**Student:** 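The structure's right below; bear with me while I get my questions together.
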Amino acid sequence: FAAVHEVAHDLRHRVGAALDAGDFPLVMGGGHAIAAGSVAAAAARGASVLWIDAHADVNTPATSGSGNLHGMPVAALWGLPSGVEGEADRQWRSFLDSLGPERLRPDRTAWFGLRDVDREEGRRVGEGLPITMHDIDRHGVPAMVDRWDAWLAASGATELWISFDVDSLDPVLAPGTGTAVRGGLTYREGHLLAELLHEKIASRGIRLLGMDIVEVNPL
């Protein structure tokens, strides 16, 4: 916990300073927990978040089966209670404090590519916009990007942060990740997603504040 707190606190300030300077922060790293810091800086500016990931990452210490913080950053950004007591609760509240006073709004949180979601997470993602691989398989990437675009317009958000977990891609394409799940986005789907997001952002005048690329495991 302590190391992640330190990284998240430092990253929130670094990303915030970059945004204040008008720069485009690109954050690259390992566990998705680091995105708690970067997204916190964007959320403080009212941004919506597109979380491209096989996992929802909205577990708390009480609902996580593994206890890994990389499965909890969205829960922390929302400011959810730990659901536990004692030292674990104290550490969780310290983690939330490191993200600053502002919180990411659940109704400005969208996921794309979900396919490995825990039971309690499944109850929570409905507060935002969950787009699963089942949705993508049935309707295709263009229709799902259109659904996201309509949702974003209805939310009133004019700024966006994208948090891209490489395990959203099929592990045949991106084996260098610690949490590979079969059945992810193909190369063509990932490429098309990038093109369509660019078109939607440009056509509606959305400001893309920055981006994470995470769960990269070079070993």
Side-chain angles (χ1 to χ4, degrees), residues 32 35 39 42-43 47-60 63-66 70-75 77-78 80 104-175 177-204 206 208 211-216:
H32 213 158
V39 173
S48 180
V49 174
L50 179 59
W51 201 268
I52 305 173
D53 198 335
H55 308 91
D57 294 341
V58 70
N59 269 312
T60 65
T63 65
S64 172
S66 66
H70 65 232
M72 306 183 198
V74 175
L77 286 160
W78 285 5
L80 296 182
L104 173 64
R105 288 169 45 177
D107 64 349
R108 289 196 174 175
T109 309
W111 294 265
F112 198 97
L114 293 176
R115 60 188 184 278
D116 186 11
V117 179
D118 294 333
R119 183 183 300 274
E120 288 300 319
E121 291 183 301
R123 296 189 177 102
R124 292 171 176 156
V125 294
E127 297 184 50
L129 176 69
I131 295 175
T132 69
M133 284 306 303
H134 178 75
D135 297 324
I136 295 165
D137 289 342
R138 288 181 65 89
H139 305 290
V141 172
M144 292 302 95
V145 172
D146 285 344
R147 178 189 293 180
W148 167 79
D149 182 56
W151 169 86
L152 184 65
S155 79
T158 59
E159 296 180 313
L160 174 69
W161 184 279
I162 294 176
S163 199
F164 176 77
D165 188 321
V166 299
D167 71 24
S168 61
L169 301 172
D170 193 273
V172 171
L173 301 171
T177 183
T179 51
V181 184
R182 290 183 299 175
L185 296 169
T186 66
Y187 175 82
R188 294 292 301 169
E189 288 172 330
H191 200 279
L192 179 60
L193 174 61
E195 292 177 335
L196 294 175
L197 288 175
H198 170 74
E199 291 175 5
K200 296 293 187 183
I201 290 167
S203 66
R204 290 212 303 105
I206 296 294
L208 181 59
M211 183 175 178
D212 305 309
I213 300 177
V214 300
E215 295 289 347
V216 179

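Numbers here simply count residues along the sequence, with the first being 1. What you see is a predicted model, and the numbers here were worked out from it, not measured in a lab.
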**Student:** Run the side chain to side chain contact (heavy atoms under 4.5 Å, CB included) check on Glu189 and Leu192 step by step: do they pass?
**Tutor:** CA-CA 5 Å; Glu189 288 172 330; Leu192 179 60; 5.7 Å; no
**Student:** Could you give the distance from OH (Tyr187) to CG (Leu173), rounded to the nearest 0.5 Å?
**Tutor:** 9.5 Å
**Student:** Go through the steps to decide whether Ile206 and Glu159 satisfy the test side chain to side chain contact (heavy atoms under 4.5 Å, CB included), and finish with yes or no.
**Tutor:** CA-CA 6 Å; Ile206 296 294; Glu159 296 180 313; 5.8 Å; no
**Student:** Report yes or no: do Asp57 and His70 form a side-chain donor-acceptor pair below 3.5 Å?
**Tutor:**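 Note: Asp57 and His70 side chains miss the donor-acceptor criterion.
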**Student:** Could you check whether any side-chain heavy atom of Leu114 comes within less than 4.5 Å of a side-chain heavy atom of Ile131, counting everything from C-beta outward?
**Tutor:** no
**Student:** As an exercise, state the distance from CG of Asp146 to CG of Leu196, rounded to the nearest 0.5 Å.
**Tutor:**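 The CG atom of Asp146 sits 8.0 Å away from the CG atom of Leu196.
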**Student:** Quick check against the 3.5 Å criterion: does Thr177 have a side-chain atom that pairs as donor or acceptor with the backbone of Glu215?
**Tutor:** yes
**Student:** Treating Arg115 as the side-chain partner and His134 as the backbone partner, does any N or O pair qualify as donor plus acceptor under 3.5 Å?
**Tutor:** no
**Student:** Set out, in order, the CA-CA distance, both residues' side-chain angles and the distance that settles side chain to side chain contact (heavy atoms under 4.5 Å, CB included) for Glu121 and Thr63, then state yes or no.
**Tutor:** CA-CA 8 Å; Glu121 291 183 301; Thr63 65; 5.6 Å; no
**Student:** Do the side chains of Arg124 and Val74 get nearer than 4.5 Å, heavy atoms only?
**Tutor:** no
**Student:** So, taking the atom named CE in Met144 and the one named CG in Asp137, what distance separates them when rounded to the nearest 0.5 Å?
**Tutor:** 11.0 Å
**Student:** Is Asp118 close to Asn59 at the side-chain level, that is, under 4.5 Å between some pair of heavy atoms?
**Tutor:** yes
**Student:** Please report the interatomic distance CG(Leu50) to CH2(Trp148), rounded to the nearest 0.5 Å.
**Tutor:** 6.0 Å
**Student:** Test your reading of the model: is there a side-chain donor-acceptor pair from Ser203 to the backbone of Glu199, 3.5 Å cut-off?
**Tutor:** yes
**Student:** Do Leu160 and Ile201 make a side-chain contact, defined as non-hydrogen atoms from C-beta onward lying under 4.5 Å apart?
**Tutor:** yes
**Student:** Restricting to non-hydrogen atoms, name the atom on Ala43 and the atom on Leu104 that form the minimum distance, rounded to 0.1 Å.
**Tutor:** CB-CA, 3.9 Å
**Student:** Taking the side chain as every heavy atom from C-beta outward, state whether Ser163 and Met211 have any atom pair closer than 4.5 Å.
**Tutor:**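 Heavy-atom side-chain distance check fails, nothing below 4.5 Å.
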**Student:** Provide the closest heavy-atom pair for Trp151 versus Gly128 in the form atom of the first, atom of the second, distance.
**Tutor:** NE1-C, 4.4 Å
**Student:** Let me see the working for Val145 and Phe112 under side chain to side chain contact (heavy atoms under 4.5 Å, CB included), right down to the final yes or no.
**Tutor:** CA-CA 9 Å; Val145 172; Phe112 198 97; 4.2 Å; yes
**Student:** What verdict does the salt bridge (charged side-chain N to carboxylate O under 4.0 Å, His left out) test give for Asp149 and Arg204, after you've listed the backbone C-alpha separation in whole Å, the side-chain angles of each residue and the deciding distance to 0.1 Å?
**Tutor:** CA-CA 9 Å; Asp149 182 56; Arg204 290 212 303 105; 2.8 Å; yes
**Student:** Just to verify, what does Arg105 make a salt bridge (charged side-chain N to carboxylate O under 4.0 Å, His left out) with, not counting sequence neighbours?
**Tutor:** Asp107
**Student:** Can you tell me if NE2 on His139 sees more than 12 non-hydrogen neighbours from other groups inside 6.0 Å?
**Tutor:**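 More than 12 heavy atoms, drawn from other residues, nucleotides or ligands, come within 6.0 Å of this atom.
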**Student:** Just by distance, do the side chain of Asp170 and the backbone of Gly183 share a donor-acceptor pair under 3.5 Å?
**Tutor:**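 Yes, Asp170 side chain to Gly183 backbone: donor-acceptor pair under 3.5 Å.
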**Student:** Would you say the side chains of His55 and Asp167 form a donor-acceptor pair under 3.5 Å?
**Tutor:** yes
**Student:** Taking Trp161 for its side chain and Ala42 for its backbone only, find out whether a donor-acceptor pair lies under 3.5 Å.
**Tutor:** no
**Student:** Where the side chain of Thr132 meets the backbone of Asp135, is there a donor-acceptor pair that is under 3.5 Å apart?
**Tutor:** yes
**Student:** Cut-off 3.5 Å, side chains only: do Asp165 and Trp51 have a donor facing an acceptor?
**Tutor:**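 Judged by distance alone, the side chains do not pair up.
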**Student:** Is there a side-chain contact between Ile52 and Leu193, using heavy atoms and a 4.5 Å cut-off?
**Tutor:**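 Yes - at least one pair of side-chain heavy atoms lies under 4.5 Å apart.
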**Student:** Taking atom OG of Ser66 and atom CE of Met72, what is their separation to the nearest 0.5 Å?
**Tutor:**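 Separation between the atoms: 6.5 Å.
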**Student:** Is there a donor-acceptor contact under 3.5 Å from the side chain of Ser48 to the main chain of Arg108?
**Tutor:**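 Answer holds: yes.
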**Student:** Is the shortest side-chain heavy-atom distance between Val166 and Val214 below 4.5 Å?
**Tutor:**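 In short, these two side chains do not touch, never coming nearer than 4.5 Å.
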**Student:** Looking at every heavy atom in both Thr186 and Leu169, which two are closest together, and how far apart are they?
**Tutor:**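 Between these two residues, the closest heavy atoms are O-CD2, 4.4 Å.
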**Student:** Counting C-beta onward and ignoring hydrogens, is there a side-chain heavy-atom pair between Leu80 and Val58 closer than 4.5 Å?
**Tutor:**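 Side chain of Leu80 against side chain of Val58, heavy atoms only: contact under 4.5 Å found.
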